[in-house]
Amino acid sequence: MQYSEKVMDHFAHPRNVGEIEDASGVGTVGNPTCGDIMKMYLKIENDIIVDVKFKTFGCGAAIATSSMATELIKGKSVSEALELTNKAVVEALDGLPAIKIHCSVLAEEAVRAALADYYRKIGREIDFEVPEQEEEACHIVPEEE
Ligand code: FES
């Protein structure tokens with residue numbers, strides 16, 4: 001399978017990995033087929049995404065696309081982030097193999113899920129499609145025995 005240099009770079013050196021303790025919105029999405037999970041944290045001030053972090057338990061393309069998605073929305077307004085599509089993420093990574101496109105969908109959904117959580121928290125009506133949320137993903141950070 002051919003991966004672009006950008007995909008390999010974001011896979012090997014993912015940007016914005018981690019979590020935000022006092023996040024304005026958190027979203028967790030998963031793909032039931034492959035079992036991969038993505039969790040996105042947003043810090044939003046005056047409707048601008050001032051910080052974003054993610055954790056992905058998944059394949060290399062899922063890690064690269066979530067990393068790129070965080071780069072694309074950082075510093076953007078909430079409405080701009082809502083316009084982020086998986087296609088834009090794939091383009092920014094110089095493409096993905098066809099069987100890996102679904103991984104980029106997870107990145108788009110994670111952003112939307114976190115934005116929906118933000119809307120809920122501030123009592124704003126959610127006027128966009130919200131992806132199904134995963135149960136709180138305890139398997140992202142395994143509990144210590
Ligand atoms: Fe599941 Fe990539 S194989 S997100």
Side-chain angles (χ1 to χ4, degrees), residues 1-44 47-121 124 126-145:
M1 199 179 312
Q2 269 309 90
Y3 285 116
S4 72
E5 267 173 39
K6 274 196 191 160
V7 172
M8 292 312 291
D9 180 36
H10 276 261
F11 168 57
H13 311 284
R15 325 297 200 262
N16 306 309
V17 173
E19 42 188 285
I20 298 174
E21 248 173 53
D22 55 343
S24 319
V26 182
T28 309
V29 294
N31 181 311
T33 311
C34 61
D36 291 351
I37 294 192
M38 225 177 251
K39 187 164 187 176
M40 189 75 64
Y41 301 79
L42 302 175
K43 180 84 188 151
I44 299 170
D47 254 24
I48 301 290
I49 298 168
V50 292
D51 199 10
V52 48
K53 293 260 191 282
F54 81 94
K55 280 188 179 169
T56 292
F57 181 84
C59 73
I63 291 167
T65 52
S66 38
S67 168
M68 181 53 90
T70 61
E71 291 271 275
L72 291 173
I73 63 169
K74 203 171 189 175
K76 297 280 166 62
S77 69
V78 164
S79 53
E80 284 170 321
L82 273 172
E83 281 169 19
L84 179 79
T85 59
N86 76 299
K87 202 166 166 264
V89 174
V90 171
E91 275 170 15
L93 285 169
D94 292 337
L96 270 182
I99 62 160
K100 286 285 165 186
I101 295 294
H102 77 271
C103 317
S104 66
V105 173
L106 218 47
E108 177 190 320
E109 287 185 348
V111 171
R112 293 174 91 82
L115 287 168
D117 185 46
Y118 168 65
Y119 272 43
R120 248 178 251 122
K121 282 195 177 127
R124 188 184 290 171
I126 298 173
D127 52 1
F128 54 91
E129 212 177 307
V130 182
E132 202 176 312
Q133 289 263 354
E134 276 292 309
E135 289 298 311
E136 195 40 46
C138 53
H139 36 304
I140 291 183
V141 185
E143 297 271 335
E144 291 202 15
E145 298 275 313

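Excluded from the calculations below are hydrogen atoms, water molecules and symmetry mates; all remaining heavy atoms, backbone and side chain alike, are included. Counting convention: from 1, in listed order, for ligands and their atoms alike. Computed from a predicted model, the values in this text were never measured in an experiment.
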Is there a donor-acceptor pair under 3.5 Å between the side chain of Arg112 and the backbone N or O of Glu129? yes

With heavy atoms of Lys100 as the reference, note each atom of ligand 1 found under 4.0 Å away. 2 (Fe), 3 (S)

Find all atoms of ligand 1 within a distance of less than 4.0 Å from any non-hydrogen atom belonging to His102, and give their numbers and elements. 1 (Fe), 2 (Fe), 3 (S), 4 (S)

Protein residue, atom and distance nearest to atom 2 (Fe) of ligand 1, heavy-atom basis: Cys59 SG, 2.2 Å

Can any side-chain N or O of Asn86 pair as donor or acceptor with the backbone N or O of Glu108 at less than 3.5 Å? no

Checking only N/O/S atoms, does Cys103 have one that is under 2.8 Å from atom 1 (Fe) of ligand 1? no

Heavy-atom contact check, 4.0 Å cutoff: does Met38 meet ligand 1? no

For atom 1 (Fe) of ligand 1, what's the nearest protein heavy atom and its distance? Cys34 SG, 2.1 Å

Which of the atoms in ligand 1, numbered in the order shown and given with their element, are less than 4.0 Å from a heavy-atom of Ala62? 4 (S)

Below 4.5 Å, heavy atoms only, C-beta onward: do Val130 and Tyr119 meet side chain to side chain? no

Looking only at side chains, do Asp117 and Tyr41 share a donor and an acceptor under 3.5 Å apart? no

Whether Lys43 side chain and Asp22 backbone form a donor-acceptor pair below 3.5 Å: yes

For the residue pair Ser4 / Asp94, report whether a side-chain donor-acceptor contact shorter than 3.5 Å exists. no

Determine whether the side chain, the backbone, both or neither of Asp36 has a heavy atom under 4.0 Å from any heavy atom of ligand 1. side chain

